[in-house]
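Please read the structure below before turning to the comments.
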Amino acid sequence: WGPDGAASCLALLLGLETSGSLVTRDLPAEAKLAAVSGIFCLGPGTWRNPAVSAAAAALTDTYWVRLEEEKEANSANPRMGQHSYGEAGFGTGDEDEISTQAAASLAQDVCEAFSNESFGDKLFARHAAFQLRDGAPARARAAAWLALREGVAFHLLPPMPAVAPRPERGDAYLFLPPGGEK
């Protein structure tokens, strides 16, 4: 694929999102944001490309807003399911286990790449911090913390205002709540 293919795919996805297409609108924002996070696992030659980073930034902002909207909607109507925020999902136990394992693998890969390649890039940091958010599976948060620790990359995470520039729009849900993992 390379940077041109990644940029084209992200541009297509951005077009679908801005057009209000039901093809993408029905997927949970958390899943879409996780997919965008995968761009950072393709190497610095891809994610540093201006076309890729511009589209990834626009999609990240879009999905961050939708993540908050979905969380508010799920709080107002719990019967809709809170699968995106750490509660029981619609799947079977096996599907939930596979989903948790995939989230942990992605968290580890993103945070390892962040440790090795990011040099503190703010957009990349937002995606690394997304792996540490309240509501992520505990296994995924643990994998992210371990990858950041092993890569000695805590200092690369910018302060909260840089990682989450709009806490009133839901960015405050990125980091672990006080007290850490249970």
Side-chain angles (χ1 to χ4, degrees), residues 1-71 83-86 89 98-137 140-141 143-144 147-148 153 156-158 160 162-167 169-175:
W1 283 44
D4 293 335
S8 297
C9 290
L10 290 173
L12 176 63
L13 184 57
L14 186 57
L16 288 169
E17 288 293 342
T18 56
S19 73
S21 170
L22 293 178
V23 172
T24 57
R25 189 70 177 180
D26 290 343
L27 296 172
E30 179 183 35
K32 293 187 278 190
L33 197 52
V36 174
S37 294
I39 292 296
F40 296 99
C41 297
L42 298 177
T46 299
W47 63 263
R48 286 190 180 138
N49 181 290
V52 172
S53 62
L59 286 167
T60 299
D61 289 341
T62 299
Y63 296 149
W64 236 274
V65 170
R66 292 206 185 131
L67 197 63
E68 179 62 18
E69 291 170 355
E70 288 177 5
K71 187 170 184 173
H83 62 284
S84 296
Y85 304 99
I98 291 168
S99 177
T100 299
Q101 183 58 40
S105 179
L106 176 66
Q108 179 178 351
D109 292 347
V110 168
C111 290
E112 282 177 357
F114 178 74
S115 298
N116 297 327
E117 303 168 353
S118 74
F119 298 102
D121 180 84
K122 289 181 183 179
L123 179 60
F124 203 157
R126 287 180 74 187
H127 284 269
F130 174 69
Q131 310 305 319
L132 303 171
R133 75 197 179 287
D134 182 27
R141 285 192 305 250
L148 290 169
L156 294 176
L157 286 171
M160 186 63 166
V163 175
R166 293 175 298 279
R169 287 178 38 186
D171 291 349
Y173 298 104
L174 293 177
F175 292 101

Output, in order, the C-alpha distance, side-chain angles, deciding distance and verdict of side-chain contact (heavy atoms from CB on, under 4.5 Å) for His127 and Asp121. CA-CA 10 Å; His127 284 269; Asp121 180 84; over 6 Å; no
Applying side-chain contact (heavy atoms from CB on, under 4.5 Å) to Lys32 and Leu59, what does each step give before you reach the verdict? CA-CA 9 Å; Lys32 293 187 278 190; Leu59 286 167; over 6 Å; no
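- Scanning both residues, Leu27 and Glu70, for their nearest heavy atoms gives O-OE2, 4.1 Å.
- The two residues Val52 and Pro3 have their closest heavy-atom pair at CG2-O, 3.4 Å.
- Scanning all heavy atoms of the two residues, the minimum distance from Arg48 to Glu117 falls at NH2-O, 2.6 Å.
- For the pair Ala6 and Thr46, the tightest heavy-atom approach, listed with the atom from each and the gap, is CB-CG2, 3.7 Å.
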When you look at Leu42 and Trp47, which way does the side-chain contact (heavy atoms from CB on, under 4.5 Å) test go after all the steps? CA-CA 7 Å; Leu42 298 177; Trp47 63 263; over 6 Å; no
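- Rounded to the nearest 0.5 angstrom, Leu67 CG and Leu33 CG are separated by 6.5 Å.
- Counting heavy atoms from C-beta on, the side chains of Gln131 and Phe114 never come closer than 4.5 Å.
- In plain terms, the two heavy atoms of Ala147 and Cys111 that are nearest each other are CB-CB, 3.7 Å.
- Using a 4.5 Å heavy-atom threshold, the side chains of Val110 and Phe124 count as touching.
- Between Leu123 and Phe40 there is a side-chain heavy-atom pair separated by less than 4.5 Å.
- The closest donor-acceptor contact from the side chain of Ser21 to the backbone of Glu17 lies at 3.5 Å or more, if one exists at all.
- Thr60 has its side chain out of reach of Phe130: every pair of non-hydrogen atoms, C-beta onward, lies at least 4.5 Å apart.
- One N or O on the side chain of Ser8 and one on the backbone of Asp4 form a donor-acceptor pair closer than 3.5 Å.
- Listed for the Ser118 side chain is no donor-acceptor partner under 3.5 Å among the backbone atoms of Ser115.
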